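Reading through the structure tokens given below for one structure.
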Amino acid sequence: MAHTLILGQTESGKTTFARILAEKYRARGIPVLVLDAAHNAWPADYQTADAGEFMQTTIRSRGAAVFIDEAGRAVSWLNKDMADVASMYRHLGHFAHFIAQRPTMVAPTVRHNCSRMVLFSVSRADAADLGKEWTCDEIAAAPQFKQGEHLIISRFGAPVRGNLF
Ligand SMILES: Nc1ncnc2c1ncn2[C@@H]1O[C@H](COP(=O)(O)OP(=O)(O)OP(=O)(O)O)[C@@H](O)[C@H]1O
Ligand SMILES: [Mg+2]
């Protein structure tokens with residue numbers, strides 16, 4: 001299963017969306033592992049704010065849904081220990097969700113290993129960059145999205161609009 005990038009400015013709905021997704025994985029018996037420096041309440045089998053401890057736990061696990069909230073901060077810590085978190089997770093059978101406010105907050109190696117993106121409201125500049133990176137014209141509408149509005153984009157296949165609220 002592919003990795004997912006969840007992007008959008010503050011309060012746009014990223015963590016809310018990710019928690020709903022986490023709940024669905026658990027309902028299907030898939031373990032959910034969460035790294036969240038902000039200590040939000042998650043439906044998770046394991047949750048920590050400690051990146052080093054999280055790394056140890058994910059290395060010992062297999063086939064889990066991994067969520068890294070505030071990935072801008074977390075992935076830069078994780079990158080101290082390894083060049084490419086995303087490809088390591090794929091070898092372990094994990095599918096990861098990297099959550100950040102801006103695309104530039106996530107390391108390019110991680111971004112390029114994501115084959116799905118859930119895009120909430122972002123600035124015009126970020127939408128322009130993402131439009132080029134994902135070759136998707138619908139991304140141009142993202143700066144006008146209201147709270148909860150998003151676009152689910154896969155590398156192959158048509159984008160789908162959604163609304164959380
Ligand atoms: N009907 C609704 N139900 C629940 N929340 C709603 C509703 N309408 C608006 N909201 C707001 O949507 C916001 C979504 O917040 P969320 O934590 O998911 O954002 P975020 O993108 O993760 O932000 P950050 O980058 O700051 O972590 C909340 O502040 C919540 O108050
Ligand atoms: Mg959040």
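Note that the structure is a prediction, hence the values are computed from the model and not measured. First listed ligand is number 1; within each ligand, the first listed atom is number 1.
The protein atom (non-hydrogen) at minimum distance from atom 25 (O) of ligand 1 is K14 NZ, 2.7 Å. Shortest contact from atom 17 (O) of ligand 1 to any protein heavy atom: T15 CB, 3.9 Å. Looking from atom 28 (C) of ligand 1 to the surrounding protein, the closest heavy atom is E11 OE1, 4.1 Å. In terms of protein heavy-atom proximity, atom 3 (N) of ligand 1 is nearest to F165 CD2, 3.4 Å. Looking at atom 26 (O) of ligand 1, its nearest protein heavy atom turns out to be T10 OG1, 2.5 Å.
Put simply, the side chain of P43 does not reach to within 4.5 Å of the side chain of V32, judged on heavy atoms. Proximity of F120 to Q9: side-chain heavy atoms (C-beta onward) are nowhere separated by under 4.5 Å. Between F165 and Q147, some side-chain heavy-atom pair lies under the 4.5 Å cut-off. Looking at L151 and V160, their side chains never come closer than 4.5 Å, going by heavy atoms from C-beta outward. At a threshold of 4.5 Å between non-hydrogen side-chain atoms, the residues T57 and T48 do not count as touching. Looking only at side-chain heavy atoms (C-beta outward), E133 and D129 stay at 4.5 Å or farther from each other. Counting heavy atoms from C-beta outward, V118 and T4 have side chains that approach closer than 4.5 Å.
Under the 4.0 Å distance rule, the nearest protein heavy atom to atom 8 (N) of ligand 1 falls inside the cut-off. Distance check on atom 30 (C) of ligand 1: every protein heavy atom falls at or beyond the 4.0 Å cut-off.
Counting heavy atoms closer than 4.0 Å to ligand 1, residue Q147 contributes side-chain atoms (C-beta onward) but none from N, CA, C or O.
Taking 2.8 Å as the limit, the number of protein N, O or S atoms around the Mg ion (ligand 2) is 1.
Checking side-chain atoms of N40 against main-chain N and O of D36 turns up no donor-acceptor pair under 3.5 Å. E149 places a side-chain N or O within 3.5 Å of a backbone atom of K146 that can act as its donor or acceptor partner.
Atoms of ligand 1 found under 4.0 Å from any heavy atom of Q9 (numbered from 1 in listed order, with element): 21 (O). Each of the following atoms of ligand 1 lies closer than 4.0 Å to a heavy atom of T16: 14 (C), 15 (O), 16 (P), 18 (O).
Some N or O of G13 is nearer than 3.5 Å to an N or O of ligand 1, by distance alone.
Aromatic ring orientation, H97 versus F67: parallel (interplanar angle below 30°, classes split at 30° and 60°).
The closest approach between a heavy atom of S12 and any atom of ligand 1 is below 4.0 Å.
Residues E70 and A38 share a closest heavy-atom pair of OE2-CB, 4.4 Å.
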Under 3.5 Å, sequence neighbours excluded: what are the donor-acceptor pairs made by side chains of residues 98-105?
from : atom 1 : to   : atom 2 : distance (Å)
R102 : NE     : D126 : OD2    : 2.8
R102 : NH2    : D126 : OD1    : 2.8

